[in-house]
Amino acid sequence: MAPADPIDPEGLVARLRAAGCVYAEEEAALLSDAATGEDLESLVVRRVAGEPLEVLLGWVGFEGVRVRTAPGVFVPRARSGLLVRLALAALQSRCDPVVVDLGCGTGALGAVVAHRRPDAEVHAADLDPAAVDCARRNLPADRVHRGDLYDALPAGLRGRVDVLLANAPYVPTDHVALMPAEARLHEPRAALDGGPDGLAVQRRVAAGAAQWLAPTGVLLLETGRAQSPSTLALLRDAGLDAALHTDDALDATAAVGRRPRGVDAGY
Ligand SMILES: C[S@@+](CC[C@H](N)C(=O)[O-])C[C@H]1O[C@@H](n2cnc3c(N)ncnc32)[C@H](O)[C@@H]1O
């Protein structure tokens, strides 16, 4: 059967719905706004084949800010808004704070903090060159660094970070195959796979945090509800005071780590 005319709004909605898009009307309107004519047809073909809507649009609305996206870069999830809200709360009493978004992907977390707190010095870092390129379109380019976790950061940030945000990969390796195709097929494995217990990258983030946090600094680590007790334990193993925050509306869980009072970070 020949494809419906993509310019025909009803045909467009029907094609998206048949491909499993739950919000087919909304997606049709967004794609139609993003392109016209042949461009629209190619976007629809890619969407029907399973590419994330946000990648096709080139942006995602995240915590009220339009963040640029790119093919092959993790699409920020609404649940990560919890980290941003906790960060902004922690920054309320601080002037000219230093913030780091580690494993930044698009740089969405850091970009929202920078938007809400223009006085903040926001740095971001990622191992993946595609993520670094994308984040440099959402944050000042010279504050987006490439490398393995803390190795990417300028040495001058050691001991000065007021808020360290990390939405590191935390899906156990065996569970990656069970993820929705949009993630599994269109997002890089390194953005999802947290190793055999899902905690491999979180463990390294926690282990290094005390050296980078300011004495009253805070580490905010996204985690899954089921694995949150293990995330708490690894923060404590790293010598941090730790607590959990949840947000049922966002279906989000965050572990919060702080340097214990009066303990030297040893850097
Ligand atoms: C779950 S994604 C989160 C991206 C972004 N923070 C967000 O919330 O949208 C995890 C990110 O961590 C990055 N990453 C994974 N391992 C890393 C490492 N060892 N060093 C730096 N970044 C890493 C991935 O490339 C990916 O961009």
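Whatever order the structure lists them in is the order used to number ligands and atoms, beginning at 1. Side-chain atoms are counted along with the backbone in the values below, which use heavy atoms only and exclude waters and symmetry mates.
- Close N/O approach between L109 and ligand 1 is not found [any backbone or side-chain N/O within under 3.5 Å].
- Through side-chain heavy atoms spaced under 4.5 Å, either directly or across other Ile, Leu, Val, Met, Phe, Trp or Tyr residues, L232 is tied to L244.
- Electrostatic pairing of R258 and D241 does not count as a salt bridge here, judged by no charged N lying under 4.0 Å from a carboxylate O.
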List the atom pairs, donor and acceptor, that lie under 3.5 Å between side-chain atoms in residues 180-188 and the rest of the protein, sequence neighbours left out.
residue: E182; atom: OE2; partner: R47; partner atom: NH1; Å: 3.2
residue: E182; atom: OE2; partner: R47; partner atom: NH2; Å: 3.3
residue: R184; atom: NE; partner: A177; partner atom: O; Å: 3.4
residue: R184; atom: NE; partner: M179; partner atom: O; Å: 2.9
residue: H186; atom: NE2; partner: G50; partner atom: O; Å: 3.4
residue: E187; atom: OE1; partner: R77; partner atom: NH1; Å: 3.4
residue: E187; atom: OE1; partner: R77; partner atom: NH2; Å: 2.8
residue: E187; atom: OE2; partner: V75; partner atom: N; Å: 2.7
residue: E187; atom: OE2; partner: R77; partner atom: NH1; Å: 2.9

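- With hydrogens and angles disregarded, a donor-acceptor distance shorter than 3.5 Å links the side chain of D247 to the backbone of L250.
- Considering backbone and side-chain N/O of N167, one or more are found under 3.5 Å from N/O of ligand 1.
- Looking at L149 next to ligand 1, an N or O pair under 3.5 Å apart turns up.
- Every N/O-N/O distance between T106 and ligand 1 stays at or above 3.5 Å.
- When hydrogens are left out, the protein atom nearest atom 22 (N) of ligand 1 is L127 N, 3.2 Å; that is the closest non-hydrogen contact.
- The heavy atom nearest to atom 5 (C) of ligand 1, considering only A124, G107, C104, is found in C104.
- Nearest protein heavy-atom contact of atom 27 (O) of ligand 1 is D126 OD2, 2.6 Å.
- Taking any N or O of A191, backbone or side chain, none lies under 3.5 Å from an N or O belonging to ligand 1.
- The single protein non-hydrogen atom nearest to atom 19 (N) of ligand 1 is D148 OD1, 2.7 Å, given as residue, atom name and distance.
- Here the shortest heavy-atom distance to atom 12 (O) of ligand 1, taken over A183, P129, G103, G81, belongs to G103.
- In R77, neither the side chain nor the backbone holds a heavy atom less than 4.0 Å from any atom of ligand 1.
- Distance alone, capped at 3.5 Å, places no donor-acceptor pair between the T106 side chain and the A135 backbone.
- A salt bridge links R203 to D197: at least one charged side-chain nitrogen sits closer than 4.0 Å to a carboxylate oxygen.
- Every N/O-N/O distance between D128 and ligand 1 stays at or above 3.5 Å.
- Shortest contact from atom 15 (C) of ligand 1 to any protein heavy atom: A190 O, 3.3 Å.
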